[in-house]
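Okay, so here's the structure we're looking at.
First listed ligand is number 1; within each ligand, the first listed atom is number 1.
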Amino acid sequence: MRTPIVAGNWKMNKTVEEARELVSELLPLVKDMQAVTTVLCPPAPALLPIAAMLEGTDVELGAQNMHWEANGAYTGELAPAMVKEFGKYVILGHSERRAYFGETDESVNKKILAAQANGLIPIVCVGESLEENKASQTAEIVSGQIKAGLAGVSADLVIAYEPIWAIGTGLAATGEMANDTIKVIRAVLAELFGEEKAQEIRILYGGSVKGSNAAEFFSQSDIDGALVGGAALQADGFAAIAAAAQNEV
Ligand code: PEP
């Protein structure tokens with residue numbers, strides 16, 4: 001039995017004051033959802049204040065990115081130990097980082113290794129472009145990203161399957177399409193870690209998930225929650241998705 005995860009990726013949104021406001025609206029809405037793990041990933045400046053607000057709750061905190069090195073001359077970067085001071089999770093390899101900041105499977109691999117070495121749980125994002133999808137290359141692309149990104153890492157991670165064409169577009173995949181690709185991912189995880197471990201790893205769907213379509217994903221056999229962008233910026237939007245996950249357990 002895999003406990004579902006609903007994680008909110010706030011991206012570059014919310015000042016500390018706005019973040020505090022969102023969390024104070026959200027906490028009463030999700031506090032009784034024991035069957036689902038909720039994770040908030042605010043921008044870096046909000047990590048410390050939000051960590052203080054989440055103390056004593058079951059809501060977890062994560063960062064949106066980090067560097068693989070322990071410290072040094074990397075202007076603008078966050079080290080694994082800095083994330084670990086406040087958070088338990090870290091999103092790695094998001095398609096926006098791959099597209100705009102030159103991240104590759106190789107750099108994602110270094111980051112996963114560093115996250116795990118520091119006791120963080122990486123949420124590793126994979127997904128195909130619209131062109132790749134149209135050319136029926138989805139399975140090949142995500143399998144390649146998983147094999148290259150996860151070389152030498154342990155099974156203590158979460159995967160997020162996020163078709164790039166579905167992110168922020170309002171064009172979500174169907175539950176069935178997402179489930180088919182997630183089954184392919186789980187089969188690759190079984191090759192890497194063995195069948196038993198592969199059955200334990202949470203694989204999330206991400207891409208235009210909202211309260212109104214969440215149940216379609218969570219009712220599928222292999223989808224273990226969601227990584228949520230836009231809908232995570234409103235307390236009721238995020239809570240509706242978490243409630244849909246809670247209802248499917
Ligand atoms: C994301 O960026 O991870 C994401 C899934 O965004 P959205 O929910 O807005 O499509």
Handout entry: Under 3.5 Å: N/O of Gly168 near N/O of ligand 1
Key = yes
Exercise for the section: Please determine if Lys11 has a nitrogen or oxygen closer than 3.5 Å to a nitrogen or oxygen of ligand 1. Expected result: yes
Practice task
Report the part of Asn9 in contact with ligand 1, treating N, CA, C, O as backbone and CB onward as side chain, heavy atoms under 4.0 Å; options are side chain, backbone, both, neither.
Solution key: side chain
Completion exercise
Note: Ala232, heavy atoms under 4.0 Å from ligand 1, region reported as neither
Only heavy atoms of [X], strictly under 4.0 Å: list the atoms of ligand 1 that pass.
X      : value
Ala166 : 10 (O)
Leu227 : 3 (O), 5 (C)
Gly207 : 5 (C), 10 (O)
Ser208 : 7 (P), 8 (O), 10 (O)

Nearest protein heavy-atom contact for [atom]: which residue, which atom, what distance?
atom                   : value
atom 9 (O) of ligand 1 : Gly230 N, 2.8 Å
atom 8 (O) of ligand 1 : Gly229 N, 2.8 Å
atom 5 (C) of ligand 1 : Glu162 OE2, 3.1 Å
atom 1 (C) of ligand 1 : His94 NE2, 3.2 Å

Problem - Side-chain touch Val153/Asn109, heavy atoms, less than 4.5 angstrom - result: yes
Fill in the blank from the handout: Here the gap from Asn118 atom CG to Lys84 atom NZ, rounded to the nearest 0.5 Å, amounts to 8.0 Å
Fill in the blank from the handout: CZ of Arg2 to CG of Asp224, rounded to nearest 0.5 Å, is 4.0 Å
